[in-house]
Amino acid sequence: MKNNNLTNKEIGRMLTPSTEITPSADLKARILSAAQEARSSQTAQPAVGNGPANGPVRSTLFADSVATKVRRLFPQVGWAVAATLAMALFITFTLRTSTPLSAARTQFKAAIGQAKGIESMVMQLGVRTEASEPIVYTDPTAEFVDCSIQVIYGDKPIWYIEKNNGRRMLNSGNGVIYEWIFDDPEGWYHEADNYTEEFASFINPTLLLKEEYRLAGKRSGAQYEVSEGPEMTTVMVTTPALGDYSESLYMLYSSIDEAPTVREYRFDSTSDQLIGLRIAFLLPDGSERTIIESHKIEYNLPLTSEMLITGEFRRTTFSDSFRTPTFNEALAGVSSDEAARTILTAMYRWDKEILNSALPYTAGMTERIKKRMRGLTILSIGKPFRSGLYAGEFVPCRVKYADGKEEDLNIALRNDNPAGIWVLDGGI
Amino acid sequence: MKETTLTQLAKWIDQWQGPLYRYAFMRVGNRAEAEDVVQEAFIKLYTSPQDVTNPKAWLFRTVANGCIDLLRKRKKIEELSERMPAPSAEADSEAAEEQRRVEELLGRLTEAQREVIMLHIHAGLRFTEIATILDKPTTTIKSRYKSGIEALRKEYFNNH
């Protein structure tokens, strides 16, 4: 089935014109000449809604059309309209400057501007997680695990993330992200395009601040609190949950994106530099549970790529972590719980025909999974459910491993792939 | 207010006229109209009474608006003249043929998916830049891109 193997790159190529699309050679000269002419003929009359300013594409269209109508239909009252709008804007601005929201925006903006000269960063932080789980995995019931992030910024940033005695990730600047677990000779790699942005906010806190700045005032239910001291300014952002939890709350506290959170940013009052951050889940009883807290953030340390690309990395063998799902009739056209039963049954005797199709997203970890899951028996399988923003379904089940240990799992399965089959996406 | 100088404008034209034009052409399928939209955006930027803090995002947003506007006008004309051939037809141009081929592929997607894919592939913008232009969270942009690509993959799979 050749078409199942159509990669993102191949689709990208299909969408890329095979011929060069370039503007006329004289376009630049024409623009410059027209621009000069436009400015010299510009009258003193102030324009209203000239161009997109800060609005999105659609609202800009609307603003443009309103402005055009004002000028065309009511030229005689154009000045009055402009003056009224200017007054309204002035009043709005004056009111906004006195709110916590605008104070938060001002602080975010100052910190973003300050971050321009940063060439490297080292962040030490504590994360409630399991050491061997993925870097982004958080679990409010887990203990804190010490983590460190080291980054050398530039056109091709180099970064290294380490969980104490656990998961490591390295982007050596060659467009590939390597991942492995401490003391394990085998790791796996991913293409950077699909991976880096998942962790962008940890690796580059400026992106986190930019996102906060951009969304400030646009998120319904978000609240802001700013406290300014002589040495430190703190901005607290409280946001409600994201996603649909009508069927199950299972995913509610599984990620920072989805959970209701309190995010605290600490800035140096003099330099506006980000000096600390804390992210807490907001629990149903109104209390907070800190999930991530920075211990130390240092900038512009003399880091070199040799310091980040460790001997441990060089001793590890890496294999591709991702395979395009291939059709398998045992996993197509069935419900997720039936698919879960098929996959878990296949794990008993490690049926490669089924598991090669069912485990494409964990290809680099197959041996690890095999070691843990081979020989398991199913004790029960429950009703599948959806939760939060996750595109697939969760199947609750109880299994007994070959060593006799029993465990409850919520297996994550998804079938949003071209082959239309259920594949294992997590939960084991 | 800081006024844009002609030297600054020339520099921006050098930097962005290529991707802006490519994006506009892939949307409207006509060289003259694509160049008009791009030219209009640069002139608006040059004569803008406001300080433009992010000229790149501003230009792409303006060009995107210009293209949408143009396509709407074209649709109205087509409706009025009952299937009058669209002015995008540039039968002799290889580029126009490619545009139509890609347009046909993208025609199966939602407008939101199409917009993100074109800004990413044709204009060469990063997801974070597209998020700024469309004023949406980066996660939304990535999910639109992903679902668009998946829809194309599915479509291709079903048809071959």
Taking side chain as everything from C-beta outward and backbone as N, CA, C, O, which of these in [X] sits under 4.5 Å from a heavy atom of chain A? Side chain, backbone, both or neither.
X        : value
B:Leu45  : neither
B:Ile121 : side chain
B:Leu105 : side chain
B:Pro19  : neither

Between [X] and [Y], which heavy-atom pair has the shortest distance, and what is it?
X        : Y        : result
B:Glu150 : A:Asn417 : OE1-CA, 4.3 Å
B:Met26  : A:Ile21  : SD-CD1, 3.9 Å
A:Thr206 : A:Ala115 : OG1-CB, 3.4 Å

Relative to each other, are the rings of B:Phe127 and B:His120 parallel, tilted or perpendicular (30° and 60° limits)?
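Aromatic pair B:Phe127/B:His120 classed parallel.
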Would you please classify the geometry between the B:Trp12 ring and the B:Trp16 ring as parallel, tilted or perpendicular, with 30° and 60° separating the classes?
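Aromatic pair B:Trp16/B:Trp12 classed parallel.
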Select, from B:Asn54, B:Val102, B:Ile117, the one with the greatest count of heavy-atom pairs under 4.5 Å involving chain A.
B:Val102
Going by atom types only, do A:Thr239 and A:Arg263 share a side-chain donor-acceptor pair under 3.5 Å?
yes
Considering only heavy atoms, which portion of A:Leu15 lies under 4.5 Å from any heavy atom of chain B: side chain, backbone, both, or neither?
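Both parts, heavy atoms under 4.5 Å.
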Pick whichever of A:Gly12, A:Ser18, A:Gly420 has the most heavy-atom pairs under 4.5 Å with chain B.
A:Ser18
